Number of protein chains: 2
Amino acid sequence: MTAQRRVVAEVLDGEHVHLTADEVHARAVAKLPEISRATVYNTLGELVSLGEVLEVTTDNRAKRYDPNAHRPHHHLVCSRCGAIRDVHPTGDPLADLPASERFGFMVSDVEVTYRGVCPDCTKA
Amino acid sequence: MTAQRRVVAEVLDGEHVHLTADEVHARAVAKLPEISRATVYNTLGELVSLGEVLEVTTDNRAKRYDPNAHRPHHHLVCSRCGAIRDVHPTGDPLADLPASERFGFMVSDVEVTYRGVCPDCTKA
DNA sequence: CCTTGACTTGGACTAAGTCCAATGTAGGAT
DNA sequence: ATCCTACATTGGACTTAGTCCAAGTCAAGG
């Protein structure tokens with residue numbers, strides 16, 4: 001555990017939002033000015049492999065990193081401004097995929113992304 | 001309706017798979033050698049706006065274009081090789097998102113992506 | 001035949017991320 | 001305490017996917 005990794009972990013821990021890698025880097029630089037982008041990418045990659053952090057891809061622009069990896073949840077994304085909320089739908093979509101629709105895959109995971117317009121964008 | 005647009009539409013129509021923009025361009029060039037990448041991007045963008053084609057983002061690499069826009073469906077993706085199948089789960093995930101979990105959003109759409117390992121990759 | 005407006009082209013540009021060789025450093029062995 | 005070694009970090013070059021734009025082309029109507 002190096003200073004750099006601790007800083008990246010702290011950034012994600014402190015912010016309950018969904019940051020891009022560049023945003024993580026910016027906040028990390030504020031705490032440890034000499035940290036490089038490559039290290040932030042490396043560390044984020046490790047945190048993802050360890051299952052401590054989730055990668056979220058909502059718009060094919062930058063990936064976002066979600067520190068809330070331990071309580072399963074899905075996402076609700078504003079199609080105008082890109083705001084993201086964690087949501088907890090009822091029901092289990094995995095159960096809704098019958099064997100006949102699995103094509104022999106070993107299905108292990110499912111991601112659900114709801115899209116809509118957030119209250120702020122509805123007003124504006 | 002220009003020759004270029006017709007070619008792009010034909011490519012998507014002919015292939016029942018999920019092509020990237022570059023793959024669409026490659027196949028379009030085979031039919032109309034002077035077609036440019038910019039035109040392929042423009043035309044794909046128009047087809048998406050018209051609702052004729054869906055954009056699918058599974059891995060934060062290239063977007064893929066799905067000509068099967070008229071029958072609603074979701075996707076099953078192999079986490080090893082990236083293969084994509086269309087699937088039709090039972091149930092409606094929109095109904096599984098209670099108002100209390102909508103945070104005032106006007107929710108209009110939901111995408112479900114199942115992940116697993118395909119038969120070929122399980123063998124290998 | 002000329003004009004007009006839309007379509008297309010190719011190349012430059014951008015954003016996000018990866019890769020790599022060189023450098024630095026933490027922590028165990030002596 | 002010092003040295004070694006393996007791993008972490010750095011910064012810059014590179015790649016990929018996509019966007020943007022000025023200039024060129026084309027088709028249709030007048």
Side-chain angles (χ1 to χ4, degrees), chain A residues 1-12 15 17-50 52-66 75 77 79-82 84 113, chain B residues 1-12 15 17-50 52-66 75 77 79-82 84 113:
Chain A
M1 174 61 67
T2 64
Q4 287 81 351
R5 292 181 189 199
R6 197 174 334 105
V7 165
V8 171
E10 278 172 21
V11 166
L12 285 171
E15 307 268 350
V17 294
H18 302 81
L19 300 171
T20 64
D22 267 358
E23 287 163 352
V24 172
H25 180 234
R27 284 167 170 71
V29 165
K31 301 184 182 223
L32 184 67
E34 69 275 23
I35 195 171
S36 74
R37 289 191 337 117
T39 296
V40 171
Y41 277 105
N42 288 342
T43 307
L44 288 173
E46 282 161 28
L47 289 171
V48 169
S49 312
L50 292 172
E52 293 296 314
V53 164
L54 289 180
E55 261 179 17
V56 186
T57 299
T58 57
D59 61 351
N60 217 43
R61 301 192 59 86
K63 288 177 204 164
R64 295 178 172 274
Y65 292 88
D66 183 344
H75 293 103
V77 180
S79 20
R80 298 252 179 89
C81 69
I84 304 177
T113 305
Chain B
M1 174 61 69
T2 64
Q4 286 81 351
R5 293 182 187 196
R6 195 173 336 103
V7 164
V8 170
E10 279 173 19
V11 165
L12 284 171
E15 306 268 349
V17 294
H18 302 81
L19 300 171
T20 64
D22 267 359
E23 287 163 353
V24 172
H25 179 235
R27 283 167 170 72
V29 164
K31 300 184 183 224
L32 185 67
E34 68 275 24
I35 195 172
S36 74
R37 287 192 337 117
T39 297
V40 171
Y41 277 106
N42 289 342
T43 307
L44 287 173
E46 281 159 31
L47 289 171
V48 169
S49 312
L50 292 173
E52 293 297 314
V53 163
L54 288 179
E55 260 179 17
V56 185
T57 300
T58 57
D59 62 349
N60 216 44
R61 301 193 57 88
K63 288 178 205 162
R64 293 176 174 275
Y65 293 87
D66 184 343
H75 293 104
V77 180
S79 20
R80 298 254 178 87
C81 70
I84 304 177
T113 306

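No experiment lies behind these values; they were computed from the predicted model shown. In what follows, chains carry the letters A, B, and so on, assigned in the order in which the sequence lines appear, proteins first and then strands, with residues in each chain numbered from 1.
- No option in A:K31, A:R5, A:R27 other than A:K31 meets the salt bridge (charged side-chain N to carboxylate O under 4.0 Å, His left out) test with A:E10.
- Within the 4.0 angstrom heavy-atom criterion, base atoms lie near B:T39.
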* List the protein contact pattern of nucleotides 15-21 of chain D with one symbol per nucleotide (5' to 3'): B for base contact, S for sugar-phosphate-only contact, - for none; contact means a heavy-atom distance under 4.0 Å. => -SSBBB-
* Decide yes or no on side-chain contact (heavy atoms from CB on, under 4.5 Å) for B:Y65 and B:H18, but give the supporting numbers first. => CA-CA 5 Å; B:Y65 293 87; B:H18 302 81; over 6 Å; no
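- Atom CG of A:L19 and atom C1' of C:dA16 are 16 Å apart (whole Å).
- Distance B:E34 CD to C:dT8 C1': 10 Å, rounded to the nearest Å.
- Only one option out of B:D66, B:T57, B:T58 pairs with B:H75 in a side chain to side chain donor-acceptor pair (under 3.5 Å); it is B:D66.
- The side chain of B:Q4 places no N or O atom within less than 4.0 Å of a non-bridging phosphate oxygen (OP1 or OP2) of D:dC26.
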* To do: In sequence, state the C-alpha distance, the side-chain angles, and the governing distance for A:V17 and A:E23, and then conclude on side-chain contact (heavy atoms from CB on, under 4.5 Å).
  => CA-CA 11 Å; A:V17 294; A:E23 287 163 352; over 6 Å; no
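- In this entry the distance linking CD of A:E55 with P of C:dT18 reads 8 Å, nearest Å.
- Computed from coordinates, the B:R6 CZ to D:dA27 C1' distance equals 13 Å when rounded to whole Å.
- C:dT8 atom C1' lies 12 Å from atom NE2 of B:H25, rounded to whole Å.
- Checking side-chain atoms of A:H25 against main-chain N and O of A:I35 turns up a donor-acceptor pair under 3.5 Å.
- Partner B:E52 forms a side-chain contact (heavy atoms from CB on, under 4.5 Å) with one of B:L44, B:L12, B:L47 and no other, that one being B:L47.
- The distance from atom CG of A:D59 to atom P of C:dA16 is 9 Å, rounded to the nearest whole Å.
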